[in-house]
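For ligands, and for the atoms within them, numbers begin at 1 and follow the listed sequence.
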Amino acid sequence: MSEKKLKIAVIGAGIIGCTSAVVLIESIPNVDITIISEKFTPNTTSDGSGGLIYPYLSGSTDRQRIRKWINNSLVYLNKYYQLPDSGKFGIGLLSMYYLLEDEEVFDYPDFDDIMISQRPMTSSELKQFSSSSSSESQNKWTKGVYVTTYYAECRKLLPYLLQQFKSKGGKVCQQRVDSLQQLIGKYDIVINCRGLEAGKCSADQSVHPIRGQVYRISAPWIKHSVMAGNHYIVPNSDCVVLGGTKQLNNWDTMVDPKDSKDIMDGCSQLIPSIRAAQVVNEWVGLRPGRHEVRLEREVISDGQSNNQLQVIHNYGHGGCGVTLSFGCAHEVLDYVQQIISSNNVKSRL
Ligand SMILES: Cc1cc2nc3c(=O)[nH]c(=O)nc-3n(C[C@H](O)[C@H](O)[C@H](O)COP(=O)(O)OP(=O)(O)OC[C@H]3O[C@@H](n4cnc5c(N)ncnc54)[C@H](O)[C@@H]3O)c2cc1C
Ligand SMILES: *[C@@H]1O[C@H](CO)[C@@H](O)[C@H](O)[C@H]1NC(C)=O
Ligand SMILES: *[C@@H]1O[C@H](CO)[C@@H](O)[C@H](O)[C@H]1NC(C)=O
């Protein structure tokens, strides 16, 4: 073996890029990894996420892949949760009610065997929400799922992951990368984690924004998550996130007062004390929507030299990028190991 190190670039420093970079640097010996990104925490979409670990708006991504990614994410989250300082980097256990309306087809989420716990809600649990129905006599929410899961708060987790990455010799560079072609010859492998921008950069027409608006409130008495239709309440370590909207192809990043009213009305119907809580801030983010998550390998070349670049795309995680991040990073590791064991990169080393 020669002494030349395998050179990897991870493009993007949201939760998808940071988990990919950390999992790779912790698992591959003798590797030189650089995160190249335009924005870093606290300025990424991931930083504003509710951080709930549960699938949401993932297009028609193959169900078995989603199940596998979540299952693997939970292995990592559990590992982090067990660390003595897990409280500092925003990972905690969370219980949740996921309510469904009577008219909705009860598509029971097939995660009983994967989540820490998941079961149908009992009638007495459902009764708590009878006053949140518009009609006095009838309960709007007639079905639901009780789940035990985690929250992963990116504004605390991303700085921690970056620090872990650097402490293991990882390099960080603030720069835009519009074309992956420009990296040919400079790196052996590139992990493309540019989120919503991945579409523009590679002319992938299928990437689109799904606009999300949220409140962050101070309500330390709320320790339990509720999802119901468009509305969700997700306690984090020192605030509670209230949402939300899921507006397709809407690029507007300004807070819309109409959405604010809808969020406050909907969430305070579920938990009335929310109205009395102090608002910390309001925020809008654009989820990287796609008909399916793109996690796959591609080989690109510049047509002139014989140089090739191994690319692993990892973007388009819609409303559950935090949820899927560690599981996807684990699959990125599988691909990198495949590339290393193929002759392709070896011959260059
Ligand atoms: C309101 C809201 C609530 C949400 N709640 C949840 C939730 O509860 N649970 C959950 O799992 N998910 C949630 N999501 C979804 C989640 O936030 C996203 O799926 C996730 O953040 C996507 O991560 P990412 O790393 O792909 O993208 P981003 O966080 O957007 O990161 C992309 C990175 O790539 C960089 N980049 C982009 N283009 C370039 C370029 N050309 N050159 C260099 N760098 C580039 C950016 O600067 C950035 O660092 C929510 C989203 C919103 C908007
Ligand atoms: C985040 O954005 C703000 C405002 O544009 C900027 O001042 C700050 O330097 C950015 N932070 C990082 C880590 O890039
Ligand atoms: C989930 O992961 C665990 C631990 O790696 C594994 O034993 C189990 O078979 C996995 N379950 C599913 C449904 O993939």
At a 4.0 Å threshold, what atoms of ligand 1 neighbour a non-hydrogen atom of [X]?
X    : value
Q175 : 43 (C)
I15  : 23 (O), 25 (O)
V214 : 1 (C)
G212 : 1 (C)
L52  : 7 (C), 8 (O), 9 (N), 10 (C), 11 (O)
T44  : 29 (O), 49 (O)
D178 : 41 (N)
E197 : 37 (C), 38 (N)

Exercise. Take V214 and Y232 through the side chain to side chain contact (heavy atoms under 4.5 Å, CB included) test and state the conclusion after the steps.
Key: CA-CA 9 Å; V214 287; Y232 53 84; 3.5 Å; yes
Quiz item: Which part of R211 is near ligand 1, with near meaning a heavy atom under 4.0 Å away: side chain, backbone, both or neither?
Solution: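 Neither; nothing of R211 gets under 4.0 Å from ligand 1.
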Quiz item: Taking heavy atoms and a distance under 4.0 Å, where does Y232 meet ligand 1: side chain, backbone, both or neither?
Solution: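 Looking at Y232 and ligand 1, just side chain atoms fall under 4.0 Å.
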Can you figure out which of [options] has its heavy atom closest to [atom]?
atom                    : options                : value
atom 40 (C) of ligand 1 : V177, V322, N314, L324 : V177
atom 7 (C) of ligand 1  : G48, P55, G51          : G51
atom 27 (O) of ligand 1 : S20, C18, G195         : G195
atom 32 (C) of ligand 1 : P288, S73, C193        : C193

Using distance alone, determine whether [X] and ligand 1 share an N or O pair under 3.5 Å.
X    : answer
G321 : yes
F40  : no
R287 : no
Q213 : no

Using every non-hydrogen atom in the two residues, find where [X] and [Y] come nearest and quote the distance to one decimal.
X    : Y    : result
S260 : E282 : OG-OE1, 2.5 Å
S237 : E153 : OG-OE1, 2.6 Å
S301 : I184 : C-CD1, 3.6 Å

Self-check item: Pair listing, side-chain hydrogen bond (donor to acceptor under 3.5 Å, both in side chains) test, anchored in residues 47-60, at least two apart
Solution: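 Listed once each, the pairs are T41-D47, T44-D47, Y54-Q118.
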Close N/O pairs between ligand 2 and protein, under 3.5 Å:
unit_1, atom_1, unit_2, atom_2, d
ligand 2, 2 (O), N43, OD1, 3.3
ligand 2, 2 (O), N43, ND2, 2.3
ligand 2, 11 (N), N43, ND2, 3.0

Quiz prompt | Side chains of S73 and I53 in contact at under 4.5 Å (non-hydrogen atoms) | solution =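 Not in contact.
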Quiz item: Is the closest side-chain heavy-atom distance between I340 and I28 below 4.5 Å?
Solution: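 They are in side-chain contact.
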With no hydrogens and no angle check, is any side-chain donor or acceptor of [X] less than 3.5 Å from a backbone partner on [Y]?
X    : Y    : result
Q310 : I339 : no
S86  : Q82  : no
R211 : T245 : no
T148 : M115 : no

Quiz item: Got a sec, which residues hit salt bridge (charged side-chain N to carboxylate O under 4.0 Å, His left out) with K171, two or more places apart in sequence or on another chain?
Solution: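 Checked K171 against salt bridge (charged side-chain N to carboxylate O under 4.0 Å, His left out); matches are D32.
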Quiz prompt | Carboxylate-amine/guanidinium contact E125 R119, below 4.0 Å | solution =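 Salt bridge between E125 and R119, a charged N being under 4.0 Å from a carboxylate O: yes.
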Quiz item: Should D265 and R275 count as an ion pair when the cut-off is N to O under 4.0 Å?
Solution: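 So D265 pairs with R275 through a salt bridge.
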Exercise. Please verify whether a non-hydrogen atom of W283 lies at under 4.0 Å from ligand 1.
Key: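 Flag set, W283 near ligand 1.
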Quiz item: At a 4.0 Å cut-off, with the gap strictly under it, does some heavy atom of S37 reach an atom of ligand 1?
Solution: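 Heavy atoms of S37 do come under 4.0 Å of ligand 1.
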So which heavy atom in the protein is nearest [atom], and how far is it from that ligand atom?
atom                    : answer
atom 29 (O) of ligand 1 : S46 OG, 2.5 Å
atom 15 (C) of ligand 1 : G318 O, 3.3 Å
atom 47 (O) of ligand 1 : K39 N, 2.8 Å
atom 10 (C) of ligand 1 : G319 O, 3.4 Å
atom 26 (O) of ligand 1 : I16 CG1, 3.3 Å
atom 30 (O) of ligand 1 : T45 OG1, 3.1 Å
atom 17 (O) of ligand 1 : S49 CB, 3.3 Å
atom 5 (N) of ligand 1  : G50 N, 3.0 Å

Quiz item: Can you list the residues that meet the side-chain contact (heavy atoms from CB on, under 4.5 Å) rule with A329, with sequence neighbours excluded?
Solution: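 Once residues adjacent in sequence are excluded, the partners of A329 under the side-chain contact (heavy atoms from CB on, under 4.5 Å) criterion are T19, S20, V23.
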Quiz item: Any side-chain donor-acceptor pair under 3.5 Å between N249 and H208?
Solution: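 Checked: N249/H208 side chains show no N/O donor-acceptor pair below 3.5 Å.
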Self-check item: Per-atom contacts of ligand 3 with N71, taking only distances under 4.0 Å to non-hydrogen atoms
Solution: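 Once the distances to N71 are compared, the set is 1 (C), 2 (O), 3 (C), 8 (C), 10 (C), 11 (N), 12 (C), 14 (O).
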Exercise. Please say which of V293, L295, I15, N314 ends up in a side chain to side chain contact (heavy atoms under 4.5 Å, CB included) with L324.
Key: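 Passing option: V293.
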Quiz prompt | Under-4.0 Å heavy-atom contact with ligand 3, by part of R67 that carries it | solution =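 Just the side chain.
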Practice problem: Could you grab the distance from atom CG of L286 to atom CH2 of W251, nearest 0.5 Å is fine? | Solution: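 Answer rounded to 0.5 Å: 7.0 Å.
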Quiz item: To the nearest 0.5 Å, how far apart are OG in S123 and CE in M121?
Solution: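 If I round to the nearest 0.5 Å, the distance is 10.0 Å.
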Practice problem: For salt bridge (charged side-chain N to carboxylate O under 4.0 Å, His left out), just list the numbers for D204 and R194, CA-CA rounded to whole Å, side-chain angles, deciding distance to a tenth of an Å, and then say yes or no. | Solution: CA-CA 12 Å; D204 179 346; R194 291 177 296 188; over 6 Å; no
Exercise. Please assess R65 against E292 for the test salt bridge (charged side-chain N to carboxylate O under 4.0 Å, His left out), listing each intermediate value before the final yes or no.
Key: CA-CA 11 Å; R65 295 190 89 190; E292 60 178 10; 6.0 Å; no
